[in-house]
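Structure first, commentary second.
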Amino acid sequence: MISLQENPQTQPVPKLPDGPKTPKFLQTIRAIFWPLKYLEKTAREYGDIYTTEIAGFPPQVVLSNPQAIQEIFTADPKLFESGPGNKILQPFFGDYSLLLHDGEYHQRQRRLLTPPFHGERMKAYGELICDITDRVISNWQIGETFSARSSTQEISLRVILRAVFGIDEGDRYEQLKQRLTALLDVTGSPLRSSFVFLRWLQKDLGAWSPWGRFVRLKQQINELLLTEINERRQKNDLAGEDILSLMMSARDEEGQPMTDAELLDELMTLLFAGHETTATALAWALYWVHHIPEVRKKLMEELVTLGENPDPNAITKLPYLNAVCSETLRIYPVALFTFPRIVKAPVQIAGYQFEEGTMLSPCIYLTHHREDLYPEPKRFKPERFLERQFSPYEFFPFGGSNRRCIGMAFAMFEMKLVLAKILLRSQLALADNRPVVPERRGITMAPSGGVKLVLTGHRS
Ligand code: HEM
């Protein structure tokens, strides 16, 4: 691995770090279909700062050196932009999503959307998350095999619908749920994920073609959201605590409200980013807990100390539960990379001088698998999070700096409550004990097969 000492800061090197010379197209195919193997192989050969070439993007510098990542996360955010690097997300979220913007618009949207997912407002969702989990658990039948990921998706989708709209029942919400799930399934396998990365595949060849289906589902979702927006506007129903009310009441410096197009794209961003990731993380957590009996035993011992009907706040403070959730996000982070940081003005990072336009990509997966930080990195060992504290440049499943995930606290809160509730109420076993491996699901990495579980009994 390259260390900073080998790249003296005093003599910046004005060229890109070394990297594979394989043709661009081959590198792209490997990155889409075998991302983990490709990342590990390249890091073994070129160290923790190297350059890759992915079709449709400028050369990408992949970094898994904590000191270099610290330099990026603590630099003046104005030195970088992420919006143009997130262009592949445009078909999902639309032109106005904060993910595709930088500067003042991005900051304003973050200021507006962050508070509902933190502090007391977040805690107010505790009972709701537990109730929704109870409802989903009550659909499981003893002896029946079910997909953990489908169940966790049902939970996280209901939770985010509640947070965004203040309601998760009724015909419109059922339609929204069904179409959002179908939309995500269009890119829900390694092969179908290529639609996200290879723009030339994004051809609408009618309702039965994959992209045609995607376009129609997106249109239907927009129509459902627009009906909701118009209804609220007509009823002047903007006093609620939910996020849509908040967005509709917000005014910019000139006293202007958000346009319908802005509202639609931001709603889509929250609905998607707010449930797909958490559902995947929870499915992984259920897998690890049932795959490793000692982990399950230790976690149960900790959970039962809280008594019959534990208070949500007490659950979120449990140290081993926190370690299990952290280790879940370490070993297979839902996002392999943070958003790219595209250099806007020459900047020195880790002894390299990066010119305008260079795409810097902090790699969450490779950093989380460094032997020097996480001995035996392929082993699921929650204890490592009890034995030492990791810096935000060594452990960053939610990214960092001015782009850090706005749902970080909320996602950890939800993960802990759902996992605790499921384990306290039901006895589950993996339907088969073959190791589950990560596979691409759009831009995220999810457990292959969705983790099949069997309900073997009830606890309470
Ligand atoms: C386990 C669950 C989750 C994971 C692993 C995750 C991960 C991430 C990552 C890696 C980023 C990019 C950060 C960067 O580039 O530095 C991000 C951004 C973002 N996440 Fe999450 N996320 C999760 C849950 C959520 C939830 C629940 C919400 C909504 C409430 C959410 C909303 C967002 C938004 C809006 C951004 C864009 C922030 C910006 O551009 O400034 N995420 N997330």
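One-based numbering, in listed order, for ligands and for the atoms of each. Worth knowing before you read on, the calculation uses all heavy atoms, side chains too, and leaves out hydrogens, waters and symmetry mates.
Neither the backbone nor the side chain of E414 has a heavy atom within less than 4.0 Å of ligand 1.
Polar contact with ligand 1: present for H106 (N/O pair, distance under 3.5 Å). Taking distance alone, with nitrogen or oxygen atoms compared against 3.5 Å, T269 stays at or beyond that limit from ligand 1. Backbone and side-chain nitrogen or oxygen atoms of G400 are examined, and one is located within less than 3.5 angstrom of a nitrogen or oxygen of ligand 1. The distance criterion of under 3.5 Å between nitrogen or oxygen atoms is not met by L98 with respect to ligand 1.
Ranking the protein heavy atoms by distance from atom 29 (C) of ligand 1 puts G274 CA, 3.6 Å first. Nearest non-hydrogen protein atom to atom 13 (C) of ligand 1 is R403 O, 3.1 Å. The protein heavy atom nearest to atom 22 (N) of ligand 1 is C405 SG, 3.1 Å. Annotation: atom 32 (C) of ligand 1 to nearest protein heavy atom, A273 CB, 3.7 Å. Nearest protein heavy-atom contact of atom 34 (C) of ligand 1 is I406 CG1, 3.9 Å. The nearest heavy-atom contact from the protein to atom 24 (C) of ligand 1 is T277 OG1, 3.2 Å. Protein heavy atom closest to atom 6 (C) of ligand 1, with residue, atom name and distance, is F398 CD2, 3.6 Å.
With ligand atoms numbered from 1 in the order given, ligand 1 contributes 30 (C) to contacts under 4.0 Å with heavy atoms of F117. Listed by atom number, the atoms of ligand 1 under 4.0 Å from L99 heavy atoms are 37 (C). For ligand 1 and T338, the ligand atoms under 4.0 Å from any heavy atom of the residue are 14 (C), 15 (O), 16 (O). Contact atoms of ligand 1 toward G399: 10 (C), 13 (C), 14 (C), 16 (O) (distance under 4.0 Å to a heavy atom of the residue). Each of the following atoms of ligand 1 lies closer than 4.0 Å to a heavy atom of P397: 5 (C), 7 (C), 10 (C).
Here the rule is side-chain contact (heavy atoms from CB on, under 4.5 Å) with S64, and of I49, L39, T367, I364 only T367 fits it.
For M412, the closest heavy-atom approach to ligand 1 does not fall below 4.0 Å. Ligand 1 lies within reach of R341, whose nearest heavy atom is under 4.0 Å from it.
With respect to E327 and R379, no salt bridge is recorded, no charged nitrogen being found less than 4.0 Å from a carboxylate O. Taking a cutoff of 4.0 Å between a charged side-chain nitrogen and a carboxylate oxygen, R232 and E228 qualify as a salt bridge. Looking at K298 and E294, no side-chain N of the basic residue comes within less than 4.0 Å of a carboxylate O on the acidic one, giving no salt bridge. The residues R403 and D102 are annotated as salt-bridged, a charged nitrogen and a carboxylate oxygen being separated by less than 4.0 angstrom. A salt bridge links R370 with D48; the closest basic N to acidic carboxylate O contact falls under 4.0 Å. Ionic pairing of R135 and E169 is present here: one or more N-O contacts between side-chain nitrogen and carboxylate oxygen are shorter than 4.0 angstrom. Salt-bridge check for E387 with R384: failed, with every basic side-chain N at 4.0 Å or more from each acidic carboxylate O.
Aromatic ring centroids of F390 and Y374 lie under 6.0 Å apart. Taking the ring centroids of F73 and F396, they lie under the 6.0 Å cut-off.
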Verify side-chain hydrogen bond (donor to acceptor under 3.5 Å, both in side chains) between Y393 and E71, making sure each step is shown before the conclusion. CA-CA 9 Å; Y393 321 110; E71 288 176 38; over 6 Å; no
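Judged purely by distance below 3.5 Å, without hydrogens or angles, the side chains of R425 and T133 never pair a donor atom with an acceptor atom.
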